[in-house]
Amino acid sequence: MSILIKNGRIVTAADDYRADIFIADQTVSLIGRDLSIEADTVIDASGRLVIPGGVDPHTHLEMPFGGTTTSDTFETGTRAAAFGGTTCLVDFAIQSRGTSTIAALDQWHAKAEGKTAIDYAFHMIITDMPEERIPEMRQLADEGVTSYKMFMAYPGVLLSDDGTIFRAMRKAGEDGTLVCMHAENGIVIDELVKIALSQGHTTPKYHARTRPTRLEAEGAHRALAIAEVAQAPVYIVHLSCYDALHELRQAQARGVMAHAETCPQYLLLDVNRYDEPGFDGAKYVLTPPLREDWNQDELWNGLRTSSLDVISTDHCPFCLREQKELGRDDFSQIPNGGPGVENRMSLIYHYGVNLGRITLNRFVEITSTRPAMIFGLFPRKGTIAVGSDADIVIFDPEREEIISRHNPHTHHMNIDYNAYEGFAVKGVTETVLSRGRVIVDKGQYVGRAGDGRFVKRGPYGGQYANTSAQLQRDPLASRPGLGTPGVR
Ligand code: URP
Ligand code: ZN
Ligand code: ZN
């Protein structure tokens, strides 16, 4: 099965040129001007951008959480992702406390295998990593799971103490893998939640009031300091505010091997959403919460200046009816999370590129190339190059849509609301190839559940990969960077 994409404008993180792409055996096999070559299918991409498929490194499909399960399955969530121009997800498997991470991986394989529209990989959420379990981290890496998520929030459920985090980071540094950190001081947050409830504050807006930016910044600061001493790279997930961004920049300036992602909700929605009428504010009960709107410019600035590496979605959908309802009388019982996997590419293209906040190349970089590099998928994913998987999006930069749960072009996620309801976008995914097969053809889904495969990821591949491998591993040795910042 071969495909020739003709007359498109190919845009990668680094390039922008007109050429044809010949695809054979699931990969890009030739790129050149005016290729005259026989192919089973010819696609005319005149007037379109031809970009690498999006890589979303933060989704939660079929995830048990907050007394319920996220409403998108591996089938519905990956299909929605495909409609939006994302061709690879990194989802989260969860270790149950006191049990093996390898068993958890098997469970998640069973959920996903044969169901997905696009390729996928897993991170492992570590809830418990005593010394005797540490070798499992290497085993996971051998299985292609080369990153882990740890939580400083949700005490008693997901939270890991600082010792566990340090142990895991040292091992990750040694193995060339990566710890992703949910950075929030969950212990203090729980105290604030108790105070709010004792004062009779039960509505969704108290979700935000009890999770102030300082507690996200404190978590980020601690995670970065622990990574610095462990001499390991770290990746801060869903960074939402200037306070945390400031900590990230300070650490990066000290030479800490620090990466971070933000998400469309923190760039485009703000804290006033919690005041929507009735119980509608529950739609935005996601963690960290939405922030005051001035943080948004700071985050765009962080993306432009490369303090922030990636835009993921943290797609974690719970229906307003029945699921978010669990917390109607108590905001702390509202399942935390929101949808977005389908709309990321259009939102960031429109509100980023069209509004002059980021360049077209940077758009590709933060939605595809950087996540692929950091998470060991590059150059198989994240670019258009000879030998890369033919995960390609033909994107119409002129087409306009209004994102809505009721718009059949913008909402295929299995959830009863869209967090970006009414947002106008110019720039829409038209056709999607997953490993050389057309799965979305001019907006119509033509793929099948089971087209997607599990991708074994390679080691951490961010810009500190070499540095990390060469650092000495003795955390007791004195060396620059472990004393007072700026004092050697
Ligand atoms: O609200 C969120 N983000 N739910 C998903 C779990 C997490 O912390 O990523
Ligand atoms: Zn998180
Ligand atoms: Zn998440």
Side-chain angles (χ1 to χ4, degrees), residues 56-72 77 81 89-95 108 120-127 147-160 165 178-186 189-190 193 204 206-208 210-211 215-216 219-220 222-223 234-241 244 259-267 269 271 273-274 281-291 310-320 323-324 326-327 331-341 344 371 375 413 415 417 419:
D56 187 341
H58 190 153
T59 62
H60 303 275
L61 302 176
E62 281 181 72
M63 183 183 74
F65 192 53
T68 181
T69 300
T70 53
S71 56
D72 263 318
L89 303 181
V90 192
D91 202 84
F92 291 86
I94 309 185
Q95 174 201 25
W108 255 262
Y120 61 97
F122 291 125
H123 311 275
M124 178 59 62
I125 290 181
I126 292 176
T127 52
S147 51
Y148 324 93
K149 182 175 178 190
M150 303 186 81
F151 286 77
M152 293 173 148
Y154 307 117
V157 188
L158 295 170
L159 181 142
S160 289
I165 292 169
L178 182 64
V179 171
C180 303
M181 187 59 65
H182 179 125
E184 272 190 316
N185 187 322
I189 286 168
D190 271 14
V193 169
Y206 283 89
H207 175 70
T210 53
R211 301 184 101 94
L215 295 183
E216 185 183 340
R222 193 155 31 102
V234 62
Y235 179 95
I236 308 284
V237 292
H238 47 49
L239 189 147
S240 73
C241 60
H259 299 283
E261 64 179 22
T262 189
C263 314
Q265 54 270 33
Y266 305 119
L267 294 163
L269 305 174
V271 70
R273 295 272 165 174
Y274 296 110
K283 293 189 276 192
Y284 312 99
V285 171
L286 38 86
T287 298
L290 302 180
R291 304 303 192 182
V310 169
I311 298 186
S312 72
T313 57
D314 194 4
H315 178 75
C316 188
F318 296 106
C319 290
L320 186 58
Q323 295 193 295
K324 295 278 184 184
L326 292 169
F331 69 89
S332 70
Q333 300 303 310
I334 300 172
N336 286 199
V341 73
R344 177 182 69 137
F375 291 107
M413 300 172 286
I415 180 165
Y417 70 94

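A quick note: this is a predicted structure, and the numbers were derived from the prediction, not measured. Atoms within each ligand, like the ligands themselves, are counted from 1 in listed order. Along the sequence shown, the residues carry numbers beginning at 1.
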Between ligand 1 and the protein, tabulate every N or O atom pair separated by less than 3.5 Å, reporting distance only.
residue	atom	partner	partner atom	Å
ligand 1	1 (O)	T287	N	2.7
ligand 1	1 (O)	N336	O	3.4
ligand 1	1 (O)	G337	N	3.3
ligand 1	3 (N)	T287	O	2.9
ligand 1	3 (N)	D314	OD2	2.6
ligand 1	4 (N)	N336	O	3.1
ligand 1	8 (O)	K149	NZ	3.3
ligand 1	8 (O)	H182	ND1	3.0
ligand 1	9 (O)	H58	NE2	3.4
ligand 1	9 (O)	H60	NE2	3.2
ligand 1	9 (O)	K149	NZ	2.8
ligand 1	9 (O)	D314	OD1	3.3

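Shown here are the ring pair (Phe, Tyr, Trp, His ring centres under 6.0 Å) partners of F375, two or more places apart in sequence or in another chain: H123, Y235. By the salt bridge (Lys or Arg N to Asp or Glu O under 4.0 Å) test, R211 pairs with E184, sequence neighbours left out.
Distances shorter than 2.8 Å separate the Zn ion (ligand 2) from the protein N/O/S atoms K149 NZ, H182 ND1, H238 NE2.
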Next item on the list: Run the numbers on W108 and I94 for side chain to side chain contact (heavy atoms under 4.5 Å, CB included), then give the verdict.
Entry: CA-CA 8 Å; W108 255 262; I94 309 185; 3.9 Å; yes

Checklist line | Candidate pair L158 and K149, rule side chain to side chain contact (heavy atoms under 4.5 Å, CB included), full reasoning | finding: CA-CA 10 Å; L158 295 170; K149 182 175 178 190; over 6 Å; no

Margin query: Set out, in order, the CA-CA distance, both residues' side-chain angles and the distance that settles side chain to side chain contact (heavy atoms under 4.5 Å, CB included) for Y266 and L286, then state yes or no.
Written below: CA-CA 10 Å; Y266 305 119; L286 38 86; 3.8 Å; yes

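Residue H315 forms a side-chain hydrogen bond (donor to acceptor under 3.5 Å, both in side chains) with just one option from D56, D72, T70, and that option is D72.
Ring orientation note: the planes of H58 and H60 are nearly perpendicular, at an angle over 60° on the 30°/60° scale. Taking the six-membered ring for Trp and thresholds of 30 and 60 degrees, Y206 and F331 have ring planes inclined between 30 and 60 degrees apart.
The atom of H60 that is an N, O or S and sits closest to the Zn ion (ligand 3) is NE2.
Using a 3.5 Å distance cut-off with no hydrogens or angles, the side chains of R291 and S240 do pair a donor with an acceptor.
By the 4.5 Å heavy-atom criterion applied to side chains, R273 and K283 are not counted as neighbours.
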